[in-house]
Structure formats: structure tokens, C-alpha cells
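Computed over heavy atoms, backbone and side chain alike; hydrogens, waters and symmetry mates excluded. Position 1 is the first residue of the sequence; numbering continues from there.
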Amino acid sequence: SYTDALNNLGTYYHRQHKYDQSIRCLKKVTELDPDFYGGWINLAGSLISTGRFEEALEASKRAYNIRPSDNLVVSQIALSYYYLRVLSEAEEYFKKLISLDPASAVRPQLFLVHIAMLKKDKDEAEEYIKEYLTIHPNSTEVNHPREILTDLKSASFSGTHQDQPEH
């Protein structure tokens with residue numbers, strides 16, 4: 001019944017890719033202490049790792065109610081909405097993530113590029129790629145965004161580019 005220990009154990013299991021065990025520990029944490037941010041955020045992370053995005057979203061929202069300006073919880077909400085294909089909400093949270101942490105490891109700009117391309121908004125997609133390249137000029141992943149930027153600048157852009165950011 002010691003929440004810190006259970007949270008640490010859940011985190012350990014998560015790192016070992018033993019997500020079911022992680023989720024069991026972290027659910028117990030949130031039952032014992034519904035106001036414990038670490039339990040909710042870690043539970044959401046394990047749920048995202050298992051593709052249980054609706055449950056992850058609910059856990060993330062509980063964490064968000066405790067710490068609405070924490071970039072980790074904002075990123076988890078954005079990712080959950082994105083993978084649930086609720087793109088308007090995903091877009092809102094990815095933009096909030098950029099305002100909190102423009103260099104986030106989640107790479108919110110690349111998700112926003114994909115959303116903009118689905119909306120067929122070439123200018124918006126181009127701006128997010130430029131922002132990403134400015135923030136991460138030496139990233140090993142800059143070639144693909146540069147290719148997309150070249151496509152956007154050419155007459156061949158149709159707005160139907162289907163590549164998605166990998167998580």
C-alpha cells in the first residue's frame with residue numbers, strides 16, 4: 001500500500017516492457033491515491049505503449065487536472081487524441097506542447113505537419129517543418145522533413161501525403 005514504491009515498481013516494469021504488470025501496479029497507485037500525479041502519468045504511458053489510447057486519454061486527463069502545464073501530460077493527451085484520430089483535439093494539445101516545450105522529444109511539429117497535410121493546408125505544413133528544422137538542425141531525422149518541404153514547395157503537392165510521425 002506504499003504508493004511511491006508501487007509507482008517505482010510500475011515504472012520498472014514499464015522499462016522492462018512488462019506493460020501488464022506495470023499497469024496493474026500503477027492502477028493500484030491511482031486507487032490508493034487519486035491525487036498522485038506520478039501514478040496517473042505513468043499509467044497513461046504504459047497504456048499508450050499497449051495501444052490502449054482511450055484508457056490512456058482518461059488517465060492523462062486525470063494527470064492533467066493535477067498539473068495542466070506539465071509538458072509530459074500534454075504530450076500524452078496529444079498522442080492519445082492523435083492515435084484515436086480525434087485530430088482537432090490532437091492539434092490543440094500539440095500546439096500547447098510547442099508553447100510549453102518547442103524542442104519536445106515527441107516532435108509535435110511533425111505531428112502537426114501530418115495534420116496540416118490532411119487538412120490540405122500547405123502553408124501550415126511548411127511552417128511546422130521549418131520550425132522543426134530550425135529547432136533540430138542536426139537531428140538524424142531531418143532528411144524526411146526536408147523532402148516533404150521540397151514537395152510542398154513544388155507544384156506536385158496534393159495534400160495527400162500519408163506518412164505519419166513514428167512514435
Side-chain angles (χ1 to χ4, degrees), residues 1-119 124 128-129 131-132 134-136 138-142 144-145 162-167:
S1 65
Y2 183 50
T3 55
D4 284 329
L6 281 170
N7 186 57
N8 290 341
L9 184 59
T11 302
Y12 168 79
Y13 284 136
H14 179 92
R15 290 182 180 157
Q16 298 298 313
H17 305 282
K18 297 178 180 178
Y19 301 116
D20 290 336
Q21 291 170 289
S22 174
I23 290 167
R24 273 195 301 280
C25 286
L26 295 167
K27 280 186 175 182
K28 182 70 174 172
V29 169
T30 61
E31 289 168 14
L32 291 169
D33 185 355
D35 295 323
F36 185 39
Y37 174 80
W40 289 112
I41 198 69
N42 292 331
L43 175 59
S46 288
L47 290 165
I48 287 171
S49 294
T50 61
R52 294 161 61 181
F53 301 115
E54 288 181 23
E55 291 175 80
L57 181 59
E58 291 307 312
S60 294
K61 285 180 178 181
R62 294 292 299 264
Y64 185 81
N65 288 335
I66 299 166
R67 291 190 196 165
S69 294
D70 188 289
N71 63 341
L72 179 57
V73 72
V74 172
S75 70
Q76 288 184 338
I77 290 173
L79 288 169
S80 294
Y81 276 128
Y82 181 83
Y83 290 116
L84 288 169
R85 296 293 183 234
V86 183
L87 299 182
S88 62
E89 295 291 329
E91 180 178 24
E92 175 186 334
Y93 282 93
F94 281 127
K95 287 178 178 180
K96 181 171 183 169
L97 180 56
I98 288 172
S99 72
L100 294 170
D101 181 12
S104 169
V106 172
R107 305 168 311 180
Q109 296 87 354
L110 297 183
F111 286 93
L112 288 167
V113 167
H114 186 250
I115 293 169
M117 292 172 82
L118 290 172
K119 295 187 313 185
E124 186 176 333
Y128 284 120
I129 290 175
E131 182 178 336
Y132 177 80
T134 299
I135 294 169
H136 303 284
N138 299 317
S139 168
T140 58
E141 301 173 2
V142 296
H144 188 64
Q162 293 300 314
D163 284 351
Q164 296 181 34
E166 293 179 16
H167 178 69

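The CG atom of L47 sits 10.0 Å away from the CH2 atom of W40 when rounded to the nearest 0.5 Å. Atom-to-atom distance recorded for E58:CD and L43:CG is 11.0 Å, nearest 0.5 angstrom. Summarising the geometry, atom CZ belonging to F36 is positioned 10.5 Å from atom OG1 belonging to T30; distances are rounded to the nearest 0.5 Å. Considering OG of S46 and CZ of R15, their distance stands at 10.5 Å, rounded to 0.5 Å. N65 contributes atom CG, which lies 11.0 Å from atom OG of S60 (distance to the nearest 0.5 angstrom). Atom CD1 of I23 and atom CD of E55 lie 7.0 Å apart (nearest 0.5 Å).
Between Y132 and L112 there is no side-chain heavy-atom pair separated by less than 4.5 Å. When side chains are defined from C-beta on, Q109 does not count as touching I129, because their heavy atoms never get closer than 4.5 Å. Side-chain contact between N7 and L26: present, with at least one pair of heavy atoms (C-beta onward) separated by less than 4.5 Å.
The 12-atom threshold is not exceeded at CD of E54, counting heavy atoms of other residues, nucleotides or ligands nearer than 6.0 Å.
By the 4.0 Å N-to-carboxylate-O rule, K96 lies too far from E92 to be salt-bridged with it.
By the 30° and 60° cut-offs, the orientation of the rings of Y64 relative to Y93 is perpendicular. The aromatic rings of H17 and Y19 sit perpendicular to each other, their planes meeting at more than 60°, with 30° as the lower class boundary. Using cut-offs of 30° and 60° on the angle between ring planes, the pair F53 and Y83 is parallel.
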(request) Please assess E91 against K95 for the test salt bridge (charged side-chain N to carboxylate O under 4.0 Å, His left out), listing each intermediate value before the final yes or no. (result) CA-CA 6 Å; E91 180 178 24; K95 287 178 178 180; 3.4 Å; yes

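In this structure, the side chain of R85 engages the main chain of Y82 through a donor-acceptor pair within 3.5 Å.
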